[in-house]
Number of protein chains: 2
Amino acid sequence: MERLTLKDVAKLAGVAPSTVSFVLNGKGKQMRIRDEVAQKIMQVAEKSGYEPHRMAVNLRTGQSKTLGLIVESISGSFFASLAKTIETEAERNGYNVVYCSTENNAQKGAELIKMLGRQMVDGYLITPAPGMEKGVQQLVQNQRPLVLMDSYFPGIKAPYVLTNNYDGVQQGIRQLVKKGLTKIAFVTVDLDLIQLTERQRGYVNTLKENKIAVKKKYILQLKYHRQQSDSLRELRSFLEENPELEAIFFATNYLGIIGLEAISQLGLKMPDDLAVMCFDDHDIFRLYPPGISVIEQPIDNIARTAIDMLMQQLDKGKGPLKKFAVELPGRMILRGST
Amino acid sequence: MERLTLKDVAKLAGVAPSTVSFVLNGKGKQMRIRDEVAQKIMQVAEKSGYEPHRMAVNLRTGQSKTLGLIVESISGSFFASLAKTIETEAERNGYNVVYCSTENNAQKGAELIKMLGRQMVDGYLITPAPGMEKGVQQLVQNQRPLVLMDSYFPGIKAPYVLTNNYDGVQQGIRQLVKKGLTKIAFVTVDLDLIQLTERQRGYVNTLKENKIAVKKKYILQLKYHRQQSDSLRELRSFLEENPELEAIFFATNYLGIIGLEAISQLGLKMPDDLAVMCFDDHDIFRLYPPGISVIEQPIDNIARTAIDMLMQQLDKGKGPLKKFAVELPGRMILRGST
DNA sequence: TACCTGTGCTAAATCGATTTTTCAAATTAA
DNA sequence: TTAATTTGAAAAATCGATTTAGCACAGGTA
């Protein structure tokens, strides 16, 4: 059960290794190999079950045909939705994917990028997190194929594709306002990421647009580096201190889930005591009674677009990217909570 | 920004490439390289930031230092819990991991195994699903390092590690019985997988052990290849047709989640109208009021054990596996639903 | 007849490492 | 003093492919 090599196939077909290589790589015509010989080679390769040795090909061609996908958490729902599409799309293009997660460890982000470099991935798909600026910056400088997803670093000229966060929140807040609600809280987290500031901007401006005063005390910024139980407690206090609140908008599904727990613990009924809306859908929001309204991110579309943009960069001939920054609209899904 | 090669380092240090290789691979003593020279080489390598070319190393050594992890669904909760541990444990051993999912496509399972073979993974971690028998059989025959997780194929002599399914269900049913419940339903799915039959065996035997009659009509076997909405409907009918039921045990979390929807639609209150317990925990079960009691699988432990067993196989010298089949106990988590 | 030209393929170089072999110089043994 | 051994490192082979250069041979041309 020894591995079959190109040489073996050549011997079986009675030709030189190079001839086999030409034929199997579709360069038979170009190298003026007779159809007769080409046929024979194809046949032998087929029936012997020959598979080229990936590492050898990689070494010679300098291409690993592998993409690196870096996400924050491999067990998060964003990754779960993303990975499948990324994988199938990559495969369609003849690439496979290695996944890495920073697991909320700022330092690890930088290491990962080096790690992937050492492993020779041909391109990077990255969801930016704090601490990865330098690494990303370096990739850009070295002109490595790269697409950021879900966020980007202002000031670093890397292609990105993400949800139109501002517009998404606007859709949501407008809906709440349309229902006659004006006392609307916004819960976010103290991370310096563009998608969060955009979401907050959406909240603030949409309130203004509707002539609703923006109260600072209605904006709760939870600490990211905290036990979940602490955040839960803080959220509960926030709700208790502002009993007049009619609605609450969570900037991420992670926050929304904590929110559900807090709301449940306080015995509040949705939507009558409190209307709830959340950015980014999650299985739980579909099931949790009475169903939580959300702004759904077009994750599938993000994945496909990202792969497209990456493939464009990998096709050396194609020149610079047509679209550098892509923003895709989110979709509001209304459920019982509003 | 050209890649630094071993040769470059050799030139910089004023020695031959082979010498550099020996030193950097810790074979300096063995090859009697003078400490002085070794020091110099180390220094040059360090400060030049040299990183060996993975593909070249792989080609020469025949080891890719990569493991293949095949799961049913990359967006499932089982994978989510598994992946992180697998990845960190693998990394600790100097391996990285490529993930693949069969996405419930029986045929794809077989292809995947070939695909990974072509990519030259050094070992396989597989959660068996229908349709993969042949592929796994082949790996065993070719003596490829392999560990099955979560299930196994009776008749195929491959190492595996999984939850003690029988015992887990037993814990759960005993708890229900202790609460004085006797009319207990068991919902499973029509897949021919050992973990499901084991769970069912646990249900049947534990009832018998408590002198409770096992009624066939209390066992519902849903069709796997069905729309979720169809399963939901069937489950609803089942509950309506057996209104006397006091408790229901779901064999998988996937089933349990559908169950929650059915129970909610019928307006049943847990645990008074119906006590609910489910095999395999899930985020939703923690949050969904009043909290769903579950038998939690020791996924972390499964992952660690699996990697251990795989590493043992990869250490050629070590001989055959000490433990071939490992069963780890599940843990019952009681919540409001019972 | 001698000289190109095109055809059809083979030989050899290459990718970047590891590993085996070789070899001069220093040391020891006879 | 000469042969045998040890030391320290370089040279060369190798992994399995791709790719460039080269080489017979047939046919056409001057």
Side-chain angles (χ1 to χ4, degrees), chain A residues 1-42 44-45 48-66 94 117-120 122 316, chain B residues 1-42 44-45 48-66 94 117-120 122 316:
Chain A
M1 183 46 205
E2 275 305 297
R3 207 173 207 291
L4 220 56
T5 74
L6 187 83
K7 233 181 194 166
D8 298 326
V9 176
K11 206 161 287 175
L12 286 174
V15 296
S18 42
T19 312
V20 176
S21 175
F22 292 138
V23 170
L24 295 186
N25 289 310
K27 293 176 184 160
K29 285 272 170 302
Q30 189 183 326
M31 287 292 136
R32 32 193 191 197
I33 309 294
R34 270 180 302 158
D35 276 1
E36 197 188 323
V37 177
Q39 290 287 327
K40 168 82 176 177
I41 289 173
M42 297 286 251
V44 170
S48 66
Y50 166 71
E51 290 278 359
H53 191 299
R54 269 285 189 126
M55 302 308 167
V57 176
N58 293 349
L59 176 58
R60 184 62 236 242
T61 62
Q63 296 213 323
S64 65
K65 288 289 177 185
T66 298
R118 153 157 44 101
Q119 278 172 51
M120 308 225 51
D122 294 342
K316 294 281 167 50
Chain B
M1 184 45 206
E2 275 305 297
R3 207 174 207 293
L4 219 57
T5 76
L6 187 82
K7 231 181 195 166
D8 298 326
V9 176
K11 206 160 288 174
L12 285 174
V15 297
S18 44
T19 311
V20 176
S21 176
F22 292 139
V23 170
L24 294 186
N25 290 310
K27 294 176 184 159
K29 284 273 169 304
Q30 190 183 328
M31 286 294 134
R32 32 197 191 193
I33 309 295
R34 269 181 302 160
D35 275 2
E36 195 187 325
V37 177
Q39 290 288 327
K40 168 81 177 178
I41 290 174
M42 297 287 251
V44 170
S48 67
Y50 166 71
E51 290 278 359
H53 192 298
R54 268 286 189 126
M55 301 308 167
V57 176
N58 293 347
L59 176 58
R60 183 62 234 240
T61 62
Q63 296 213 323
S64 64
K65 287 289 176 184
T66 298
R118 152 156 45 100
Q119 278 171 51
M120 307 223 52
D122 295 341
K316 294 281 167 50

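Below, all heavy atoms of this structure are taken into account, side chains as well, without hydrogens, waters or symmetry copies.
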Nearest-Å distance for atom pair [atom1]/[atom2], residues [X] and [N]:
{"X": "Asn58(B)", "N": "dC15(C)", "atom1": "CG", "atom2": "P", "result": "18 Å"}
{"X": "Lys7(B)", "N": "dA13(C)", "atom1": "NZ", "atom2": "P", "result": "13 Å"}
{"X": "Arg60(B)", "N": "dA17(C)", "atom1": "CZ", "atom2": "C1'", "result": "8 Å"}
{"X": "Lys11(B)", "N": "dA11(D)", "atom1": "NZ", "atom2": "P", "result": "12 Å"}
{"X": "Met55(B)", "N": "dG16(D)", "atom1": "CE", "atom2": "C1'", "result": "14 Å"}

Would you say dT18(D) has OP1 or OP2 under 4.0 Å from some side-chain N or O of Ser21(A)?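 Ser21(A) to dT18(D) OP1/OP2: side-chain N or O found under 4.0 Å.
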Taking only N and O in the side chain of Tyr50(A), is any of them less than 4.0 Å away from OP1 or OP2 of dA17(D)?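 It does, given that an N or O in the side chain of Tyr50(A) lies less than 4.0 Å from OP1 or OP2 of dA17(D).
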Val57(B) or Phe22(B), whichever maps to the more 5' nucleotide of DNA chain C: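 By nearest-heavy-atom nucleotide position, the 5'-most residue is Val57(B).
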Counting side-chain heavy atoms from CB outward, which of dC15(D), dC15(C), dA17(D) is closest to Leu59(A)?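 In terms of side-chain proximity for Leu59(A), the closest of dC15(D), dC15(C), dA17(D) is dC15(C).
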To the side chain of Thr19(B), which of dT19(C), dA9(D), dG16(D) is closest?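 Closest of the options to the side chain of Thr19(B): dA9(D).
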Contact class for Thr5(B) vs. all strands (heavy atom < 4.0 Å): base, sugar-phosphate, or nothing?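 Contact class for Thr5(B): sugar-phosphate only.
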Are a donor atom and an acceptor atom from the side chains of Ser64(B) and Asp122(B) found within less than 3.5 Å of each other?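 Yes, side-chain donor-acceptor contact under 3.5 Å.
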Is [Y] close to [X] at the side-chain level, that is, under 4.5 Å between some pair of heavy atoms?
{"X": "Asp8(A)", "Y": "Ser48(A)", "answer": "no"}
{"X": "Tyr50(B)", "Y": "Val44(B)", "answer": "no"}
{"X": "Val9(B)", "Y": "Thr5(B)", "answer": "no"}

Taking Thr61(B) for its side chain and Val57(B) for its backbone only, find out whether a donor-acceptor pair lies under 3.5 Å.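 Yes; judged by distance alone, with no hydrogens or angles, the pair exists.
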Taking the basic N atoms (NZ, or NE/NH1/NH2) and the acidic carboxylate oxygens, is any pair closer than 4.0 Å for Lys29(B) and Asp35(B)?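 Yes, Lys29(B) and Asp35(B) are salt-bridged.
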Both Gly14(B) and Thr61(B) contact DNA chain D. Taking the nearest nucleotide for each, which residue is further toward the 5' end?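 This one resolves to Gly14(B).
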Give, ordered by number, those residues of residues 23-35 of chain B having at least one heavy-atom distance below 4.0 Å to an atom of DNA chain D; if nothing qualifies, reply none.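 Heavy-atom cutoff 4.0 Å gives Arg32(B), Ile33(B), Arg34(B).
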Does atom CE of Met31(A) have more than 12 heavy-atom neighbours, drawn from other residues, nucleotides or ligands, at distances under 6.0 Å?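 For Met31(A), atom CE is crowded (more than 12 foreign heavy atoms under 6.0 Å).
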Base dA11(C) to side chain Ser18(A), donor-acceptor N/O within 3.5 Å cut-off: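 Checked by distance alone, the answer is yes.
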